[in-house]
Amino acid sequence: MPRYDAQRIEPKWQAVWEQQQTFRLSGFDPGKPKMYVLDMFPYPSGSGLHVGHPEGYTATDIVCRYNRMRGKQVLHPMGWDAFGLPAEEHAIKTGTHPRITTEQNIDTFRRQLKMLGFSYDWSREFATTDPDYYRWTQWIFLQVFDTWYDAGFEWTGPDGKLHRGKGRPISELPIPDEVRSQGDTAVRRFQDQHRLAYQHEAPVNWCPELGTVIANEEVIDGKSERGGHPVVRLPLRQWMLRITAYAERLIDDLEGLNWSESIKLLQRNWIGKSEGAEVDFFIGSSPLPPGEGSGVRERGAVPTSSDSPLALTPALSRGEREYEDWKSNRTRTGFPCEPGPDVLRIYTTRPDTLFGATYMVIAPEHPAVKRLTTPEQSAAVETYCKQAAMKSDLDRTDLAKTKSGVFTGSHAINPVNGEKIPIWIADYVLISYGTGAIMAVPAHDDRDLEFANAFKLPIKVVVAKMPKKEPNEGQVQMVFYPASPDQAFTGEGVAVNSGPYNDLATFEFKSRITADIAAQGLGRKAINYRLRDWLFSRQRYWGEPFPIWHELDASDQPTGLLRADSESALPITLPDMAEFKPTGTPEPMLAKAPTEWLYKTAPDGTRLKRETNTMPQWAGSCWYYLRFIDPKNNQRFIDSECEKQWLPVDLYVGGAEHAVLHLLYSRFWHKVLFDRGYVSTVEPFQRLINQGMILGENGEKMSKSRGNIINPDDVVKAYGADSLRLYEMFMGPLEAVKPWSMQGVEGVFRFLARVWRMTADEKADDIRLNPAIQDIEPSLEQLRLLHKTIKVVTRDIEAMSFNTAISRMMEFVNEIAGTEPRPKSLLPPFVLLLSPFAPHLAEELWQLLGHEKSLAYEPWPEFDPKLVEDAEVEIPVQINGKLRAKVLVPTGSDQAAIETAAATDSRIAELLAGKQIVKTVVVPGRLVNFVVK
RNA sequence: GCCGAAGUGGCGGAAUGGCAGACGCAGCGGAUUCAAAAUCCGCCGCCUUUAACGGGCGUGUGGGUUCGACUCCCACCUUCGGCACCA
């Protein structure tokens with residue numbers, strides 16, 4: 001009694017594929033179109049495969065199997081993103097070396113993936129933790145280290161267009177004479193400052209619980225993304241990658257990619273480009289005392305015409321003389337690249353509100369804090385800055401909605417009107433964005449208004465809102481904001497109280513004043529990005545070591561000078577260690593490595609100490625798609641011929657949780673490699689699909705604590721891999737979030753069992769064809785059904801609309817499985833259609849239908865266009881847009897014939913009787929609509 | 001607060017501006033069976049009427065465009081995702 005038995009069929013065919021190396025891709029065949037289909041490779045966690053994994057993996061497997069049958073050569077690899085915290089945390093708890101845990105987890109994942117019958121070329125498998133792989137991760141780091149970004153460099157891209165800005169070898173960095181004259185050490189330091197990989201001392205997010213520093217992106221609401229542990233800010237020396245240099249290209253090159261618009265937008269927003277101006281405010285050679293100059297109006301005073309910028313007191317004070325000198329100097333010398341000590345440089349997106357600046361704010365970490373603080377204020381300033389330094393990001397944002405700040409005691413002079421305004425320190429201004437200093441325009445910025453209200457600072461309106469012109473209204477009324485004291489007008493409007501610029505529209509004002517201040521050397525156009533440079537070092541053990549040495553002086557202290565390992569020294573393998581407990585201090589784990597690993601003496605006698613940080617988990621996943629193309633190469637990270645043949649990845653499928661970070665980092669590395677001539681495409685992933693999350697049966701996110709986790713092992717045990725695959729594709733659109741349903745799995749299992757019974761004899765003792773299957777000619781109707789099914793299933797696979805493809809196959813089976821006798825010729829094409837979805841069952845049925853070879857490379861069925869049309873079509877007939885009847889007409893009937901058929905239908909004729917037909921709409925093959933009175 | 005996506009039967013979902021609810025699940029009725037499981041057949045948006053045919057309403061809400069709107073436009077509501085003192 002051979003019923004549909006997935007337990008028997010599936011291991012059998014998995015063994016056949018393995019034995020015959022069915023999906024192994026040998027060389028590149030220039031005569032065949034290529035297709036590179038990639039899954040986001042998994043982190044092999046201890047809990048094994050999750051039902052979310054097979055969702056994307058099944059989708060790509062269908063695409064691969066389909067395209068092989070369409071005659072393409074398909075590259076479809078799988079591997080492991082195996083560095084990372086959990087294995088090390090496990091090591092801390094149990095003492096098991098992370099390598100052991102990682103190997104065990106990989107074995108589990110590999111077993112589970114093979115159990116699902118995915119057509120990977122397993123000969124290309126690797127883990128990011130393999131020394132042979134991270135050798136090249138380190139090598140790429142060395143290329144990044146060896147590169148500086150020449151923002152003005154012009155080059156022609158593969159698209160034939162002119163581009164500006166390119167990564168170039170550090171040896172080509174122009175060295176200014178004043179640096180060169182200071183000697184070799186100065187030159188080396190200068191180069192180090194310009195590398196794409198550089199060291200930087202800055203407050204970082206230190207997580208004591210995890211024992212590591214983590215990136216801004218890994219901090220969520222002041223807690224670590226992993227584990228939700230508290231994060232504190234500490235100043236530390238860290239490795240940074242200069243991803244911001246590539247911000248513009250990372251935005252621009254999104255355009256040519258076949259990604260969903262919302263993912264592109266997510267990346268654009270993450271990069272967060274903003275355009276505005278930098279403006280220098282004069283602060284004098286020494287702090288300007290208060291009480292000099294014109295001062296600012298009292299809070300809330302109505303502006304009058306006497307407040308013209310020219311209304312300076314005739315007798316110039318010391319500060320004003322200095323200011324006038326500075327200004328005329330600037331007109332001659334122009335705007336300097338770096339602000340001098342006599343100015344405060346600010347960034348604004350609204351240079352049109354310069355006349356409305358009533359105070360300035362600098363970040364607590366701003367270098368000018370000391371210089372601007374007057375003796376009377378120094379105690380208060382010191383207290384404030386100390387507090388701010390201790391505050392986590394959480395304290396600085398969410399909790400502390402009320403603004404805090406402290407006055408420095410100093411003033412600056414607004415270059416557009418000569419007004420002297422106070423300089424404050426507040427942590428609502430971030431040191432890491434723009435210049436770390438702002439001009440505050442409380443009338444037109446919510447944050448500034450809140451601060452001004454808190455500290456009783458003046459508010460000056462310089463933009464009036466233009467109400468929409470009513471057609472009959474001759475006189476346009478301007479509306480002045482703030483209408484209420486806590487509502488700033490941040491929109492665009494018309495300039496007021498802005499001296500010579502009054503009445504200009506915001507847009508025009510911006511470009512005018514930017515040009516004007518640039519001409520006077522007081523400011524310039526500027527662009528800023530929300531994106532920050534990438535914090536690239538971690539203090540953990542289980543990651544790639546840096547191929548970098550620090551030079552030591554006579555007393556074994558680092559001099560700050562670096563030496564890179566030579567290419568031949570790679571891989572720098574992890575030292576063996578037995579103890580993994582975090583030190584509790586921000587000192588990296590590798591600081592406890594054996595002395596012989598940590599130190600060496602260079603041939604020139606210099607003592608060297610290894611870099612003890614390790615790379616973040618992102619490093620390994622940044623370039624794995626390249627290594628899959630040429631995984632065994634021990635001369636290069638990828639052969640350049642292979643790279644040209646296979647790049648870019650044609651289809652990349654993975655979870656939306658990587659929509660920003662992984663994809664951005666990966667694109668960044670790819671562009672560096674492109675600039676240095678190692679890859680030939682500007683982008684790595686041509687098409688991207690983000691599969692939607694699978695929720696638990698209760699509609700909530702699957703998690704241990706909710707107890708709603710579905711284990712793929714259990715599903716396969718109960719229904720088989722084909723049912724799991726088919727169900728995950730049948731649930732709904734790939735990109736949608738959708739809840740699991742065990743009854744749904746049962747449903748597709750019943751469908752597969754039906755397919756089995758349609759072909760095999762369930763009553764016989766051995767496996768044989770169903771006796772209803774006979775060598776007879778199919779009816780025209782049956783042929784039409786088959787060809788229609790081929791047509792739509794093909795179209796749906798191309799569109800990655802797998803749920804509807806499955807529906808159409810169900811319809812076919814509903815019809816054919818109920819007919820006896822069944823024409824045998826209908827079955828092979830159907831089995832081929834089913835095979836990408838349920839490959840095990842399809843192979844078994846293919847064999848049963850008398851074929852000896854695997855169907856994996858059988859040509860995909862073609863449909864006959866003549867057979868996808870029925871002889872007659874049913875045309876709905878509407879009266880005034882309401883369905884009233886349906887008429888049957890021959891396919892291809894012309895407009896007149898259809899109209900006649902509709903009008904003569906008895907029910908329609910009855911309804912039309914006595915009515916006047918105003919209009920008749922006939923869409924051939926579609927519908928008829930009579931519009932009547 | 002800002003940006004994005006989505007709202008269709010009891011549930012998952014389907015519909016180039018042209019018959020709303022394909023396909024599946026659940027449910028109901030029947031066949032088969034000693035009985036059950038499995039299987040097969042039929043019904044299955046809501047209201048209403050009828051012996052039967054039928055009629056009205058219906059795709060988050062309210063408007064609009066159109067002969068015709070789940071689909072396009074405007075406003076709003078809800079849910080989910082992202083960002084969140086970025087000047």
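Throughout, a chain's letter reflects where its sequence line sits, starting with A, and its residues are numbered from 1.
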So, is A/K919 near the phosphate of B/C67, with a side-chain N or O under 4.0 Å from OP1 or OP2?
yes
Pick the closest RNA chain B nucleotide for A/N528 and for A/F930 by heavy atoms, then say which residue is nearer the 5' end.
A/F930
Would the base of B/C19 count as contacting A/K886 through its side chain, where contact means a donor and an acceptor less than 3.5 Å apart?
yes
Can you tell me how far C1' in B/U61 sits from the matching atom in B/G7, rounded to whole Å?
11 Å
Can you tell me if the side-chain N/O atoms of A/Y428 get under 4.0 Å from OP1 or OP2 in B/A87?
no
Interatomic distance at C1', B/U71 relative to B/U16, whole Å:
11 Å
Can we say A/D352 and A/R350 salt-bridge, meaning some charged N sits less than 4.0 Å from an Asp/Glu carboxylate O?
yes
Rounded to whole angstrom units, what separation is found between the CD1 atom of A/I263 and the C1' atom of B/C3?
13 Å
Looking only at atom C1', what distance separates B/G9 and B/A15, rounded to whole Å?
15 Å
Does a side chain donor of either A/D533 or A/T244 reach within less than 3.5 Å of an acceptor in the other side chain?
yes
Length of the line joining A/L726:CG and B/C23:C1', which is rounded to integer Å:
12 Å
Between B/G64 and B/A69 - P atom distance, rounded Å:
12 Å
When you measure from the side-chain N and O atoms of A/K882 to the phosphate of B/G18, is any distance below 4.0 Å, counting only OP1 and OP2?
no
Syn if the chi torsion is within 90° of 0, anti otherwise; quick check, which is B/G45?
anti
Reckon A/N814 has a side-chain N or O less than 4.0 Å from the OP1 or OP2 of B/G24?
yes
Below the 4.0 Å mark, does B/G12 have OP1 or OP2 next to a side-chain nitrogen or oxygen of A/N803?
no
From C-beta outward on A/F730, which listed nucleotide comes closest to its side chain: B/A15, B/C19, B/C23?
B/C23
So, is A/R268 near the phosphate of B/C83, with a side-chain N or O under 4.0 Å from OP1 or OP2?
no
In whole Å, measure the gap between the C1' atoms of B/G58 and B/G45 for me.
8 Å
Write down the distance separating the P atoms in B/A35 and B/G30, rounded off to the nearest Å.
14 Å
Are A/E255 and A/K264 ion-paired here, with the side-chain N under 4.0 Å from a carboxylate O?
no
B/G68 OP1/OP2 closer than 4.0 Å to side-chain N/O of A/R926:
no
Please work out which of the three classes, parallel, tilted or perpendicular, describes the rings of A/F802 and A/F837, given edges at 30° and 60°.
perpendicular
How long is the line joining CD1 of A/I694 and C1' of B/C80, in whole Å?
17 Å
For A/M439, the option from A/T348, A/D445, A/V279 that meets side chain to side chain contact (heavy atoms under 4.5 Å, CB included):
A/T348
Check the orientation of A/W424 and A/F455. Use parallel for under 30°, tilted for 30 to 60°, and perpendicular for over 60°.
tilted
Comparing A/R750 and A/V931 on RNA chain B - which has the more 5′ nearest nucleotide:
A/R750
Tell me whether the side-chain N/O atoms of A/R754 come closer than 4.0 Å to OP1 or OP2 in B/C40.
yes
C1'-based separation of B/U78 from B/C28 [nearest Å]:
34 Å
Could you give the distance separating B/C70 and B/U8 at their P atoms, to the nearest angstrom?
15 Å
